2 protein chains.
Amino acid sequence: MVFSKTFGYALRGVLYVALTNEVKPRVQLEEIAIQLSVPRHFLGKVMKKLVKEGVLISIKGPYGGFSVNETTLQIPLLRLIEITGEPEEFGSCVLRLRKCNAQNPCPMHRQIETLRRQWQSLLASTKIGDLLRKDQPDFIKSIATL
Amino acid sequence: MVFSKTFGYALRGVLYVALTNEVKPRVQLEEIAIQLSVPRHFLGKVMKKLVKEGVLISIKGPYGGFSVNETTLQIPLLRLIEITGEPEEFGSCVLRLRKCNAQNPCPMHRQIETLRRQWQSLLASTKIGDLLRKDQPDFIKSIATL
DNA sequence: AGAATAAAAGACATCAAGGTCTTTAATGAG
DNA sequence: CTCATTAAAGACCTTGATGTCTTTTATTCT
């Protein structure tokens, strides 16, 4: 019921980049890792994936770093979940019963499906930008260090 | 959004014991493991835990095996989840944002809390016995082999 | 008591997620 | 062109969930 660490790093990383992009064109991995208290090299892997998937832009070399693109803030959280690699086993029984499906539902099946659909729709309709409270002065604290 | 394999083994194991207890007083690990297509020794560990936690009764030696007790079918799924060791991090942000709580909620906070509470209450109110469809002739297939 | 049976217990093996360290490639400044 | 800088890539380590194998303990039957 809680997403992976990798997902958390990705989300917070993107939010940090978006936030600092208001002030400067690029942020470096070093700064992000320190500010978010996240293992630097591991974060590097996550960011690389985000770039490859078109969520962020990166530039190598001096004055390089990460920045957002036009679509970054419109990307739904569900996409981030896919990218950070939860197989999202929709369709398989939460309780790991075999042969539990719409044709042969277990007694909880309907209720579980309803809850799942609500999750899915919440995650699909919420976009990264929806979590970015630029107005809120200490928003950075929500994503930064303890 | 899907529980651990260990949880699945525990649930299916208990259901299998409850089901066969209608016919014979005890079932052996061997039979359960084969019928459920589950690794025998690993299942042994899970069953041992269930016995220690009072979910099942076990007897060693010839004609020994596992059986249910008076309360087994009244145990809520939430208890099985605790026993099979999900820390159930209620209270921590699903999105892994820091400092996201009722005082300083992220924009999704309320919706997520609502969904979580629904899950919690479903898992607390559904009892093991609720999943046991003795009336349904091929119920065994739901928990047994593929 | 002794043999057979079955769970309990404990020592390892495997695998994926998460994390660290080093090397390579790209880019801008002088 | 060369150098410093920074992301990308790859090799390896750690840890927890899962799985296997062997030994011990309790029980029943003869």
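Bear in mind the structure is a predicted one, so any value in this text is a computation, not a measurement. In what follows, chains carry the letters A, B, and so on, assigned in the order in which the sequence lines appear, proteins first and then strands, with residues in each chain numbered from 1.
A donor-acceptor contact shorter than 3.5 Å links the side chain of A:Arg96 to the backbone of B:Ser4. No donor-acceptor pair closer than 3.5 Å links the side chain of A:Thr71 to the backbone N or O of A:Gln74. Put simply, the side chain of A:Asp130 never gets that close to the backbone of B:Pro107: no donor and acceptor are under 3.5 Å apart. B:Arg12 contributes a side-chain N or O that, together with a main-chain N or O of B:Leu36, makes up a donor-acceptor pair within less than 3.5 Å.
If you check every strand for non-hydrogen atoms under 4.0 Å, B:Gly44 touches nothing. Within the 4.0 angstrom heavy-atom criterion, only backbone atoms of the sugar-phosphate kind lie near A:Tyr9; the bases stay farther away.
The interatomic distance linking B:Glu53 (CD) with C:dA8 (P) rounds to 13 Å, in whole Å. Atom P of nucleotide C:dA17 and atom NZ of B:Lys5 are separated by 12 Å, given to the nearest angstrom. A straight line from CG of B:Leu50 to C1' of C:dA8 spans 14 Å, rounded to a whole angstrom. Put simply, CE on B:Met47 is 13 Å from C1' on C:dA6, counting in whole angstrom units. Atoms NZ (B:Lys49) and P (C:dG10) sit 14 Å apart, rounded to a whole Å.
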Run the side chain to side chain contact (heavy atoms under 4.5 Å, CB included) test on B:Met108 and A:Leu123 for me, step by step, so that the C-alpha distance in whole Å, both residues' side-chain angles and the decisive distance to 0.1 Å come before the verdict.
CA-CA 9 Å; B:Met108 294 177 77; A:Leu123 293 170; 4.2 Å; yes
Determine, stepwise, if the pair B:Val38 / B:Val46 fulfils side chain to side chain contact (heavy atoms under 4.5 Å, CB included).
CA-CA 11 Å; B:Val38 152; B:Val46 177; over 6 Å; no
Checking salt bridge (Lys or Arg N to Asp or Glu O under 4.0 Å) for the pair B:Arg116/B:Glu113: CA distance, chi angles, key distance, verdict?
CA-CA 5 Å; B:Arg116 265 185 155 179; B:Glu113 278 308 302; 3.5 Å; yes
Please list, pair by pair, any protein nitrogen or oxygen found under 3.5 Å from a nitrogen or oxygen in nucleotides 20-28 of chain C.
unit_1, atom_1, unit_2, atom_2, d
C:dT20, O4, A:Lys45, NZ, 2.9

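Among residue pairs with one or both ends in residues 42-64 of chain A, those qualifying as side-chain hydrogen bond (donor to acceptor under 3.5 Å, both in side chains) are A:Glu53-A:Arg79; sequence neighbours excluded.
Taking the 5' to 3' direction, DNA chain D first and last meets chain A under 4.0 angstrom from a heavy atom at D:dA4 to D:dA11.
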